[in-house]
Trainee: 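Before anything else, here's the structure in question.
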Amino acid sequence: MLFPWSWSDMILCVQGSHPLLAEEKIRSLSLGGFAANLSEQVMQPLSVTPFQEEPAPPFVAPTPDNSPPQARDPEEDLLCIAKTFSYLRESGWYWGSITASEAKQQLQKMPEGTFLVRDSTHPSYLFTLSVKTNRGPTNVRIEYADSKFRLDSNCLSRPRILTFPDVVSLIQHYVLSCTVESKTDAPYPPPLPLPPMQKEVSAVHLKLIQPLKRRDSPPSLQHFCRLRINRSTAKTDQLPLPKRMNDYLKQYPFQL
């Protein structure tokens with residue numbers, strides 16, 4: 001069948017608003033001197049919806065906290081310290097206001113691990129633990145803060161030091177820890193190397209084994225019986241004992 005028009009009158013129509021590129025331009029485009037062959041179809045641009053920003057929430061200025069810091073009740077500290085003094089007087093190994101040299105003299109000939117508690121000569125501390133180590137007697141201050149006691153240490157290790165409600169609980173914890181280590185026959189870990197600025201300070205492993213009783217005021221026979229009961233059970237209030245004896249046991253609920 002013949003058509004009445006010629007080849008020169010033919011018009012190629014494609015869908016879309018952009019004109020069709022010539023075939024030779026599609027197959028070979030020059031990009032900075034390099035020819036790139038394009039085999040993909042030429043895609044029509046998509047209609048883009050204008051981006052609408054979400055309205056920012058209204059700025060609310062923070063209200064300043066005008067409430068004063070909560071003050072500690074000094075009566076709480078007084079009761080805590082008074083209870084600690086009461087426990088220490090019952091213990092028999094609290095030596096009061098002796099000096100460091102007097103404590104050293106008392107511990108000099110004692111076996112390693114013998115200890116006593118005395119009043120601290122430093123104005124910022126209440127008590128000091130004096131103990132005989134493998135290098136001789138040494139002293140460790142006992143820090144008090146927020147109704148808790150702990151052994152004094154440097155700022156880096158202070159958060160890892162345990163705290164206790166009284167000094168006797170603190171001492172008993174470390175004594176029992178050393179007792180468990182000695183029963184397992186496990187060697188004590190070597191001291192960690194010190195930083196270069198602290199090489200002049202020698203690290204000593206602290207062992208607490210046996211308290212040193214005062215010779216001028218030895219514990220009574222009743223106290224020794226109380227210690228024996230406390231070492232046998234932690235539930236003394238459930239024992240079939242008279243109330244007066246139960247009250248006596250509660251006055252010193254420790255094993256040392």
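This is a predicted model, so every value here is computed, not measured. What you see below is based on every heavy atom in this structure, not just the backbone, and it leaves out hydrogens, waters and symmetry mates.
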Trainee: Please find the pair of heavy atoms, one from Arg231 and one from Gln255, that lie closest to each other, and give the distance.
Mentor: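 What the structure gives for the nearest pair is NE-O, 2.8 Å.
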
Trainee: Which atom pair, heavy atoms only, marks the closest approach of Ser232 to Arg228?
Mentor: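 For Ser232 and Arg228, the tightest heavy-atom pair comes out as OG-O, 2.9 Å.
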
Trainee: Can you label the angle between the Phe149 ring and the Phe127 ring as parallel, tilted or perpendicular, going by 30° and 60°?
Mentor: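 Geometry flag for Phe127 against Phe149: tilted rings.
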
Trainee: Just verifying a value: how many Å separate Gln222 CD and Met245 CE, rounded to the nearest 0.5 Å?
Mentor: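 Taking CD in Gln222 and CE in Met245, the distance rounds to 8.0 Å.
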
Trainee: Just by distance, with hydrogens left out, do Arg118 and Gln106 show a side-chain donor and acceptor under 3.5 Å apart?
Mentor: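 Absent: no donor and acceptor within the cut-off.
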
Trainee: Measure the NZ-OG distance between Lys83 and Ser147 for me, rounded to the nearest 0.5 Å.
Mentor: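 Output value for this atom pair is 9.0 Å.
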
Trainee: Is it the case that over 12 heavy atoms from other parts of the model lie below 6.0 angstrom from the CD atom of Gln105?
Mentor: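 Incorrect, the count does not exceed 12.
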
Trainee: Quick test of your reading of the model: are Lys148 and Asp146 salt-bridged, counting only N-O distances below 4.0 Å?
Mentor: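 The answer is no: the pair does not qualify as a salt bridge.
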
Trainee: Is there a donor-acceptor contact under 3.5 Å linking the side chains of Ser130 and Asn139?
Mentor: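 Asn139 and Ser130 do have a side-chain donor-acceptor pair below 3.5 Å.
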
Trainee: Between Leu151 and Ile142, is there a side-chain heavy-atom distance shorter than 4.5 Å?
Mentor: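 Ile142 vs Leu151: side chains touch.
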
Trainee: Between Asn230 and Tyr252, do the side chains contain an N or O donor and an N or O acceptor separated by less than 3.5 Å?
Mentor: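 No donor-acceptor contact under 3.5 Å links the two side chains.
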
Trainee: Let me know which of Tyr125, Trp95, Tyr94 forms a side-chain hydrogen bond (donor to acceptor under 3.5 Å, both in side chains) with Asp119.
Mentor: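 Per the side-chain hydrogen bond (donor to acceptor under 3.5 Å, both in side chains) rule, the option paired with Asp119 is Tyr94, out of Tyr125, Trp95, Tyr94.
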
Trainee: Show, in sequence, the C-alpha distance, side-chain angles and deciding distance for Ile171 and Val117, and conclude whether the side chain to side chain contact (heavy atoms under 4.5 Å, CB included) test is met.
Mentor: CA-CA 9 Å; Ile171 301 298; Val117 173; 4.3 Å; yes

Trainee: Under the side-chain contact (heavy atoms from CB on, under 4.5 Å) test against Leu129, which residue among Asp152, Leu116, Leu208 passes?
Mentor: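 Between Leu129 and the candidates, side-chain contact (heavy atoms from CB on, under 4.5 Å) is satisfied uniquely by Leu208.
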
Trainee: Kindly state whether the ring of Tyr87 and the ring of Phe254 have centres lying under 6.0 angstrom apart.
Mentor: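 Centroid separation for Tyr87 and Phe254: below 6.0 Å.
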
Trainee: Below 4.5 Å, heavy atoms only, C-beta onward: do Leu88 and Val167 meet side chain to side chain?
Mentor: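 They are in contact (side-chain heavy atoms under 4.5 Å apart), so the answer is yes.
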
Trainee: Could you measure the distance from the CZ atom of Arg150 to the CD1 atom of Ile161? Nearest 0.5 Å is fine.
Mentor: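 Separation between the atoms: 8.0 Å.
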
Trainee: Are Ile209 and Met110 connected into the same hydrophobic cluster when the rule is that any two of I, L, V, M, F, W, Y join if their side-chain heavy atoms are below 4.5 Å apart?
Mentor: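 No, separate clusters.
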
Trainee: Decide yes or no for Arg244 and Asn246: does some side-chain heavy atom of the first lie under 4.5 Å from some side-chain heavy atom of the second?
Mentor: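 Not touching, per the 4.5 Å side-chain cut-off.
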
Trainee: Spell out, as yes or no, whether a donor-acceptor pair under 3.5 Å connects the side chain of Tyr144 to the backbone of Ser124.
Mentor: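 Such a contact is absent between Tyr144 side chain and Ser124 backbone.
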
Trainee: State, yes or no, whether a side-chain contact exists between Ser217 and Arg214 at a heavy-atom distance under 4.5 Å.
Mentor: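 Sidechains of Arg214 and Ser217: in contact.
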
Trainee: Tell me whether Lys132 is salt-bridged to Glu112, with the criterion being a basic N under 4.0 Å from an acidic carboxylate O.
Mentor: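 No, this pair does not count.
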
Trainee: Please report the interatomic distance CD(Gln210) to NZ(Lys213), rounded to the nearest 0.5 Å.
Mentor: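 With rounding to 0.5 Å, CD (Gln210) is 7.0 Å from NZ (Lys213).
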
Trainee: Report the C-alpha distance between Val131 and Thr133 in whole Å, list the side-chain angles of each, state the deciding distance to 0.1 Å, and finish with yes or no for side chain to side chain contact (heavy atoms under 4.5 Å, CB included).
Mentor: CA-CA 6 Å; Val131 57; Thr133 68; 4.2 Å; yes

Trainee: Are Thr128 and Thr121 packed together at the side-chain level, in the sense that at least one heavy-atom pair is separated by less than 4.5 angstrom?
Mentor: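 Answer no - side chains too far apart.
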
Trainee: Does any part of the side chain of Val168, heavy atoms only, come nearer than 4.5 Å to the side chain of Trp93, both counted from C-beta?
Mentor: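 When only atoms from C-beta onward are counted, Val168 and Trp93 do touch, with a gap below 4.5 Å.
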
Trainee: Does Val140 share a hydrophobic cluster with Leu256, counting links as ILVMFWY side-chain heavy atoms below 4.5 Å and allowing steps through other members?
Mentor: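 Hydrophobic grouping puts Val140 with Leu256.
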
Trainee: Rounded to the nearest 0.5 Å, what's the gap from CD on Gln172 to OG on Ser91? Could you check?
Mentor: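 So the gap between those two atoms works out to 11.5 Å.
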
Trainee: What is the minimum heavy-atom distance between Ser101 and Thr99, and which atoms define it?
Mentor: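 Of all heavy-atom pairs spanning Ser101 and Thr99, the closest is OG-OG1, 3.1 Å.
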
Trainee: When you measure from the side chain of Thr233 to the backbone of Thr236, do you find a donor-acceptor pair of N or O atoms at a distance under 3.5 Å?
Mentor: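 Absent.
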
Trainee: So, do Leu162 and His173 sit near enough that their side-chain heavy atoms are less than 4.5 Å apart?
Mentor: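 SC-SC contact between Leu162 and His173 confirmed.
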
Trainee: Test side chain to side chain contact (heavy atoms under 4.5 Å, CB included) on Phe164 and Tyr174 and set out the steps.
Mentor: CA-CA 11 Å; Phe164 300 88; Tyr174 290 106; 4.2 Å; yes

Trainee: At what distance, to the nearest 0.5 angstrom, does CZ of Arg141 lie from NE2 of His122?
Mentor: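 It is 4.5 Å, given to the nearest 0.5 Å.
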
Trainee: Just by distance, do the side chain of Ser169 and the backbone of Pro165 share a donor-acceptor pair under 3.5 Å?
Mentor: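 Checked: no pair found.
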
Trainee: Just wondering, are more than 12 heavy atoms of other shown residues or ligands nearer than 6.0 Å to CD in Glu75?
Mentor: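 Atom CD in Glu75 is not crowded, with 12 or fewer foreign heavy atoms closer than 6.0 Å.
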
